[in-house]
Amino acid sequence: MENKSLKQIIDNRLEKLKKIREMGIEPYAYSFNCSHSTSDITEELIDKRVCLAGRIMALRKMGKASFSHIQDQHGKIQFYIARDDVGEENYNLFKLTDIGDFVGIEGKVFKTKTDALTIKVSSLTMLSKNIKPIPDVKEKDGEKFNMVSDKEFRYRKRYLDMIINPETKENYVKRSKIVNSIRNFLNEHDYIEVETPVLQPIYGGANAKPFKTYHNALDQEFFLRIATELYLKQLIVGGFEKVYELSKDFRNEGIDRSHNPEFTMLEFYQAYSDYNFMMEFVEEMFKRALSDLNMKAIEWDGHKIDFSKKFARKTMDQLIKEHTDCDIDLTNHSEVFDACKKLNLDIEEDDSLASLIDEIMRRKVEPNLIQPTYVINHPVEISPLAKVKRDGNNNFTERFELFIAGMEFANGFSELNDPIDQRKRFEDQSMKKDSGDEEAFPIDENFLEAIEIGMPPTAGVGIGIDRLVMLLIDSRWIRDAIIFPTLKSLK
RNA sequence: GCCUCCGUAGCUCAAUGGUAGAGCAGGGGCCUUUUAAGCCCUUGGUUGUAGGUUCGAGUCCUUCCGGGGGUACCA
């Protein structure tokens, strides 16, 4: 509970609230007509009459005339209010204001003797009285004092973070632009946006632990989706040729600086195309997002990333050779195992070939993929929904993952549309699940039936939107890309 | 999950194991061009929680809660 210090501030403000009402003024107004926002105020407006609204962020009261700053969505502006300009009653109202109040001001733009653009108030309106104090952050020459340093505070009370630290909002403005750019890009290519179930009786489409929930009336367990893949492909079966969904997916896994239990995923599928087409398409999509944000190159966590060149495409054996000097046959278990030993990787004797390859990639290759690079042709064991390579090599699939700055941004493949093969792959997953693999997915008869009805050749891609936002706002923390990140409740 | 660090007033921070303090915010007073406004006075604390060691704990030990960083799982 609140202790005495805070209670005393709140009581004091409640007292002011009462006084304002006694003056016949409603401290929670219904509307206010603004003529400008703070960022509109320039020298051209000097001597012009303006109306502005915002939150009081600083107060310098001195007897019969005072200065204050208000902050709105676009910035801050100083106002000057003098008793002789606004009258006794309005000035008394001003004296009852606190940092955190919303006020509306009407007045003329002028410059103080220290050349600060300021509004000379002719009338002040109370719009919303603050009751609980906001941290009082002082600022001088762009340097902030008394800044809230506690990250937890910023995540739990994002609105306070945004008030105290308005730059925070820029990340989310950018996020909105990125999502718009992607939507526009897909819509311009005649894609149809759809919404598939969040509550799924069987989860699938990715390897991840799901959240469980329960529907009372149906008396049935449901899972929150870990991916939209299996539903979107049913729509390709049904006759849509280009579909996408921007979805919140949910994975019941650990939280760290690049993982949040709920996150935004884009998945899109295009009939009659393959992974080669999709690599071109995704590259174009990324370059479009950059240009829509007026960005040419990216500086991310100290890395300069060049988007002007064509994205590299490299197979796993090429990349392993490049980054480890191991020239190995990725179908030969003992060769790969020996390479892992040589590279001092933490592996077990009975690890599968695919997981050994995965380990080399994760430890030795992926962190070094700074410039945009497609890693292609993954082992079939870790790609249960992808077609095997068309050259007859059944060990590898037509799959790609896009890496930038050591992080994965996209995952796509030529979608498996052979119903017999697909059923076998599901059975493999099911066996893994039975033998304790918590991330393997169960057999989805509904989906398999759809594939038996027939799915045209199709390519599909998934892109983690939060990570893309991280890249474009130059942050290593997914919590900077998500407005309300998942936190443990306080007890 | 594991390792590690942190938690003192609304905010930022002090306090060899020895009376919990300051600045800002809040309250009162003065103040009609200030801008981290200023000057004088002043309120505000079960030091995250529960226990332990000790004559004495904000400080040392343990539990729990929350968080940061790392690591694992995760693609």
Side-chain angles (χ1 to χ4, degrees), chain A residues 1-13 15-16 57-69 76-86 91 98-100 110-118 120 130-157 160 164 206-210 226-227 249 251-261 263 265 346 355 358-359 361-362 366 375 378 382-383 399 401-403 407-411 437-439 462-464 467 476-477 479 485 487-491:
Chain A
M1 272 314 282
E2 294 143 3
N3 61 34
K4 217 168 165 187
S5 168
L6 181 56
K7 189 178 184 306
Q8 158 184 295
I9 294 172
I10 291 172
D11 283 349
N12 191 266
R13 293 192 183 180
E15 191 56 35
K16 288 180 182 174
M57 295 302 288
L59 275 169
R60 293 179 289 280
K61 294 183 182 176
M62 15 171 222
K64 299 176 191 68
S66 304
F67 286 90
S68 169
H69 271 93
K76 272 187 201 174
I77 191 82
Q78 177 172 259
F79 71 78
Y80 171 77
I81 182 166
R83 189 195 60 185
D84 294 349
D85 293 333
V86 300
Y91 198 76
D98 288 291
I99 288 171
F110 80 112
K111 259 185 168 179
T112 63
K113 60 188 180 189
T114 53
D115 262 358
L117 272 170
T118 303
K120 189 170 204 170
N130 166 285
I131 292 303
K132 193 166 186 179
I134 63 175
D136 178 54
V137 176
K138 304 280 187 180
E139 195 174 342
K140 188 185 187 181
D141 302 330
E143 192 185 351
K144 289 187 174 178
F145 300 82
N146 262 16
M147 191 54 198
V148 175
S149 57
D150 187 2
K151 285 194 180 183
E152 178 182 3
F153 178 98
R154 300 181 57 182
Y155 299 142
R156 274 192 207 282
K157 310 274 181 202
L160 279 172
I164 294 167
N207 293 114
K209 282 178 250 177
I226 58 172
D249 288 355
R251 298 186 183 176
N252 210 337
E253 291 154 1
I255 298 174
D256 63 29
R257 69 168 198 279
S258 59
H259 294 83
N260 197 61
F263 61 100
M265 178 76 105
D346 184 21
S355 64
D358 203 34
E359 192 65 15
M361 290 300 294
R362 284 168 69 155
E366 291 171 6
V375 177
H378 299 59
I382 55 170
S383 312
R399 178 176 172 188
E401 286 181 304
L402 174 60
F403 281 85
M407 281 204 298
E408 184 202 329
F409 283 87
N411 177 24
D437 184 345
E438 286 186 283
E439 277 88 38
I463 294 176
R467 299 224 179 135
R476 291 175 61 224
W477 287 274
R479 283 172 169 179
L487 289 176
K488 191 156 185 168
S489 299
L490 299 172
K491 286 187 179 162

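By convention in this document, chain letters (A, B, ...) are assigned in the order of the sequence lines, proteins followed by strands, and residues within each chain are numbered from 1. Here the structure is a predicted model, which is why all the values come from computation and not from measurement.
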query: Would one find a side-chain N or O of A:R257 under 4.0 angstrom from OP1 or OP2 of B:rG70?
result: yes

message: Counting the atoms with a prime plus P, OP1 and OP2 as sugar-phosphate, which does A:I164 contact under 4.0 Å by heavy atoms, base, sugar-phosphate, or nothing?
response: nothing

field: Phosphate contact (B:rG67 OP1 or OP2) by A:K151 side-chain N/O below 4.0 Å
entry: no

Got a list of protein N/O to nucleotides 21-26 of chain B N/O distances below 3.5 Å?
residue	atom	partner	partner atom	Å
B:rG23	N2	A:N146	OD1	3.0
B:rG23	N2	A:N146	ND2	3.2
B:rC24	O2'	A:D136	OD2	2.9
B:rA25	OP1	A:K138	NZ	3.4

message: Please tell me if A:R476 has a side-chain N or O lying less than 4.0 Å from either OP1 or OP2 of B:rG70.
response: yes

- prompt: Which nucleotide, B:rU33, B:rC73, B:rG66, lies nearest any side-chain atom of A:L490?
  reply: B:rG66

Polar pairs (N or O, both sides) under 3.5 Å between protein and nucleotides 5-8 of chain B?
none

- request: Return the nearest nucleotide to the side chain of A:K488; candidates are B:rC31, B:rU71, B:rG66.
  value: B:rG66

message: I want to check something: taking the side chain as every heavy atom from C-beta on, are A:E408 and A:V375 in contact at a cut-off of under 4.5 Å?
response: no

- prompt: Between A:Y80 and A:F110, what is the ring plane arrangement, given parallel below 30°, perpendicular above 60°, and tilted in between?
  reply: perpendicular

message: For a quick test of reading the model: is some side-chain N or O of A:R60 closer than 4.0 Å to OP1 or OP2 of B:rG38?
response: no

message: Once you apply a heavy-atom cut-off of 4.0 Å, does A:S489 come out as touching a base, just sugar-phosphate, or nothing?
response: sugar-phosphate

- request: Mind checking A:Q78 for me? I need base, sugar-phosphate or nothing, with any heavy atom below 4.0 Å counting as a touch.
  value: base

message: Students often get this wrong, so: under 4.0 angstrom with heavy atoms, is A:D256 touching a base, only sugar-phosphate, or nothing?
response: base

query: Taking only residues two or more places apart in sequence or in another chain, which ones pass side-chain contact (heavy atoms from CB on, under 4.5 Å) with A:K151?
result: A:Y155, A:W477

message: If you only use heavy atoms from C-beta on, which nucleotide in B:rA36, B:rU34, B:rG66 is closest to the side chain of A:K140?
response: B:rA36

- request: Pick base, sugar-phosphate or nothing for A:A208, based on heavy-atom distances below 4.0 Å to the nucleic acid.
  value: sugar-phosphate

